[in-house]
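Okay, structure first, notes after.
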Amino acid sequence: MTDPIILTTYDWVPEGPRGHVRDVRIRWALEEAGLDYEVATTPFYDRGATHFQRQPFGQVPFLEDNGVKLFESGAILLHLGRKSEKLMPRDAQGEAETLEWVVASLNSMEMVTVPWWFLRVSGDPDNGLAGWMNQRFEKLESVLAERDWLAASRFTVADIMMADVLRMPMKLGALDDFPKQRAYVERVTARPAFKKAVEDQLAHFASADRARA
Ligand SMILES: N[C@@H](CCC(=O)N[C@@H](CS)C(=O)NCC(=O)O)C(=O)O
């Protein structure tokens with residue numbers, strides 16, 4: 001008998017990041033896998049010692065799975081991948097491809113997309129990162145010209161991570177010249193588990209608004 005997995009996110013966030021707070025990646029994977037889970041909260045404004053013990057940077061998400069505690073959305077997705085074959089194949093090559101593309105999503109793509117969009121929404125649209133970011137988009141475009149899914153010729157947690165990383169640049173028009181990536185994001189986010197994850201996150205923060213009113 002196992003307890004539900006506990007996913008922690010903020011108790012409230014401003015309007016801007018709603019739908020994009022990184023707990024959505026984890027909700028999405030949990031929904032895909034059909035794993036039993038509950039959502040817990042930690043204060044957005046008053047980040048105390050308990051929060052920093054669980055997430056050393058005072059961020060979300062973090063997870064507890066029957067005594068196993070971990071932070072970092074990539075680590076959490078890979079942990080869930082080990083729990084469910086729906087998220088990660090069991091053959092060695094398929095698993096290796098899933099691992100490499102989860103890490104590539106974070107360390108080759110998100111490491112430039114986040115600074116780009118953060119500076120852009122902070123009032124510095126010509127922040128000089130677009131050229132570097134576009135080099136990455138050009139390479140990924142070639143990859144996605146040849147396949148529907150990043151790893152193992154099937155949906156995996158690598159697609160959750162990459163599609164979620166690409167969502168904000170796409171929203172801000174950065175993928176306008178990259179049709180394969182736009183089609184990829186549309187294909188992956190058409191999955192019912194993604195739609196439920198976003199709806200649940202939006203409902204969570206809307207209910208926090210009502211509680212604060
Ligand atoms: N590398 C971390 C990044 C986590 C992160 O940036 N979380 C955001 C929410 S999406 C956050 O907590 N931001 C508040 C802050 O950085 O103070 C991960 O992937 O889990």
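Indexing begins at 1, ligand by ligand and atom by atom, following the structure's order.
Side-chain contact between Leu150 and Tyr184 is present, with at least one heavy-atom pair separated by less than 4.5 Å. With a 4.5 Å cut-off on side-chain heavy atoms, Val39 and Arg27 count as touching. Looking at heavy atoms from C-beta onward, Phe178 lies in side-chain contact with Glu138 at the 4.5 angstrom threshold. The side-chain heavy atoms of Arg54 and Glu64, taken from C-beta on, include a pair separated by under 4.5 Å.
Enumerated by chain and number, the residues approaching ligand 1 to less than 4.0 Å through a heavy atom are Tyr10, Val21, Arg22, Arg47, Gln59, Val60, Pro61, Glu72, Ser73.
Two rings, from Phe71 and Phe62, have their centers 6.0 Å or more apart.
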Can Lys196 and Glu31 be said to form a salt bridge (Lys or Arg N to Asp or Glu O under 4.0 Å), step by step?
CA-CA 8 Å; Lys196 179 162 189 335; Glu31 291 291 337; 3.5 Å; yes
